[in-house]
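These notes are about the structure you will find just below.
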Amino acid sequence: RQITTLFLLEAGVLNIAAFLIGLTLVQLMAPYISEITGLEFSALLNPHVTLSLVGIVMIGTVLIGLYPALISNRFSISGILVGKGHQKKVGGMSFRRILVGLQFTITFLLVSGTLVVERQIRYMKSADLGFTINDIMVIQAPPGDVNSENRQDVVSYNAFKTELLKNSGIEMVVNSGEIPGERISWNSQIRVQGQPEDLAIQTSLVSMGLGFTDFLGLDVIAGRGLQKGDDPWNKGDVVINKQMAKELGFESPEDAIGARLNGFYVPLEVRGVLDNHHHNSLHYDYDPIVYILSSWTEYYFIKFNSDQLAGSDQRYEQMQEYIATVESEWNYFFDFNMDYFFLDSYFNRQYNDDERFGKIFSAFSGLAIFIACLGLFGLTSFTIKQKTKEIGIRKVLGATVSDLIILLSKSYVFIIITSYLLAMPLVWYVLGKWLENYSCRIDLGIWLLILPLIVVSFIAGATILTKMVKATRMNPVKSLRYE
């Protein structure tokens with residue numbers, strides 16, 4: 001009982017000390033944690049979290065204290081007195097190896113997950129969207145009355161556009177009712193004329209000024225683009241994207257040219273088909289889109305003609321000059337606050353949650369590696385302590401340092417390889433399921449099988465070699481005297 005009480009007291013002191021230190025560190029790091037997670041974080045002010053942690057401390061104290069107490073009670077007193085108690089394998093090496101192996105299995109899972117998450121995010125941010133988003137300023141259009149016969153907002157916009165295009169640093173100015181990077185708000189059930197209503201497809205409608213598709217760089221793959229004189233409201237002139245043509249049932253984009261569509265306020269006629277582009281993030285597949293000329297738009301798009309070869313500081317100064325020019329013209333033509341942003345930043349904000357998830361995953365991976373290496377270091381220390389005399393005898397008999405390292409490391413190689421083989425099927429299945437959330441995603445190739453093994457093996461190897469090299473270089477005389 002006294003031994004059990006001592007073990008429980010020791011475990012309790014260590015757990016409480018760790019709990020207090022952990023809470024202090026969490027409070028100090030709360031601003032950084034909030035920045036990474038995007039959530040307000042205050043552990044001490046949350047009673048549920050604190051009570052849960054207290055429960056974990058109590059359970060941990062009991063488990064950590066009772067285990068060595070139970071093991072120590074099984075030792076033979078006579079064996080301990082003659083120095084042989086430590087050689088017994090009660091609760092032995094097999095259990096220690098299982099625990100360390102479990103740690104490394106979790107480590108392989110987290111490291112693999114980190115690699116896949118980071119690759120997927122990098123792929124999404126660098127993938128070809130089908131249009132350009134760089135050096136484009138977007139301004140919220142001033143309010144206007146669509147029912148007014150004298151659309152002053154349209155007059156002001158045309159004058160504003162004309163003045164801006166006099167500046168050599170401004171390449172194009174267009175207007176649109178939708179922003180790439182945001183779900184299209186205007187939708188309708190569109191079908192080919194003569195087809196029943198149950199064949200209609202949910203279609204995104206993009207209201208835009210003339211030249212918007214050229215501004216984005218969308219390629220015409222069949223027919224022609226919209227041009228001056230086209231009128232969707234009286235003549236039904238529209239262009240659609242390739243995905244729309246496919247979902248309407250046309251075998252090729254060319255077959256869609258001249259098709260008449262119902263489901264809009266007036267019958268529409270397809271003048272051209274544009275190549276697909278990712279209007280939203282790569283979480284989603286291509287939307288079926290109909291592009292409609294309209295003066296009723298909510299955003300003005302301005303493309304700057306910046307020097308791509310200039311340094312970052314020079315480009316920043318250029319952009320500031322262009323922004324100042326736009327603000328000056330805006331204040332002259334509009335009595336409305338200029339609310340603007342840049343399209344690349346706005347589009348990539350869709351990946352903020354993915355990047356935040358990646359940072360959290362990376363943090364847990366680093367923590368898992370650290371804990372696994374602590375366990376491996378402890379197991380190595382225990383093994384070397386058990387085999388100190390054996391190491392001395394082998395050195396006296398002529399064994400080299402490399403021979404001893406190979407001898408001692410065999411069991412650890414087995415642990416790491418076993419953990420790897422257990423983890424990778426689960427890694428492949430779980431990460432494959434996670435990637436199904438993205439319509440455009442990376443492929444899980446041979447790299448996923450190799451990289452985690454290299455990373456974990458290198459860190460684990462560095463951990464155990466430092467201890468092994470020191471042990472194998474010990475004077476054999478000291479080793480043989482070790483009890």
- Side-chain donor/acceptor of Asn241 to backbone N/O of Asp287, under 3.5 Å: yes
- Message: Rounded at 0.5 Å granularity, tell me how far CD in Glu171 sits from OH in Tyr322.
- Response: 10.5 Å
- Quick check: does any side chain N or O of Gln120 sit under 3.5 Å from a backbone N or O of Ile442, one acting as donor and the other as acceptor? yes
- Check whether the side chains of Ser362 and Glu118 place a donor and an acceptor atom closer than 3.5 Å, and report yes or no. yes
- Task: Answer whether the closest heavy-atom distance between the side chains of Leu444 and Val116 falls below 4.5 Å.
- Result: yes
- Flag, side chain of Asn187 to backbone of Ile184, donor-acceptor distance under 3.5 Å: yes
- If you round to the nearest 0.5 Å, how far is CG of Asp275 from CG of Asp219? 6.0 Å
- Quick one: sort the Tyr351 and His283 rings into parallel, tilted or perpendicular, breaks at 30° and 60°. parallel
- Query: Do the side chain of Asp128 and the main chain of Gly130 share a donor and acceptor less than 3.5 angstrom apart?
  - Reply: yes
- Message: Within a 6.0 Å radius of atom OH on Tyr438, are there more than 12 heavy atoms belonging to other residues, nucleotides or ligands?
- Response: yes
- Message: For Phe342 and Phe304, take the angle between the two ring planes, folded into 0 to 90°, and tell me which bin it lands in: parallel under 30, tilted 30 to 60, perpendicular over 60.
- Response: tilted
- Given Gln243 and Glu247, is the side-chain hydrogen bond (donor to acceptor under 3.5 Å, both in side chains) satisfied, shown in steps? CA-CA 6 Å; Gln243 182 69 19; Glu247 294 196 21; 2.9 Å; yes
- Task: State, with a plain yes or no, whether a side-chain heavy atom of Ser185 is found less than 4.5 Å away from one of Glu178.
- Result: yes
- Item | Check: Asp214 side chain, Gly211 main-chain N or O, donor-acceptor pair, under 3.5 Å | no
- Item | Ion pair check, Glu355 and Lys125, cut-off under 4.0 Å | yes
- Item | Aromatic centroids of Phe264 and Trp233 separated by under 6.0 Å | yes
- Message: Could you report the tightest heavy-atom contact between Pro253 and Ile221, atom names first, then the distance?
- Response: CG-CD1, 3.8 Å
- Report the C-alpha separation of Arg119 and Asp443 in whole Å, then their side-chain angles, then the decisive distance to 0.1 Å, and conclude whether the salt bridge (Lys or Arg N to Asp or Glu O under 4.0 Å) test is met. CA-CA 10 Å; Arg119 280 205 172 198; Asp443 294 323; over 6 Å; no
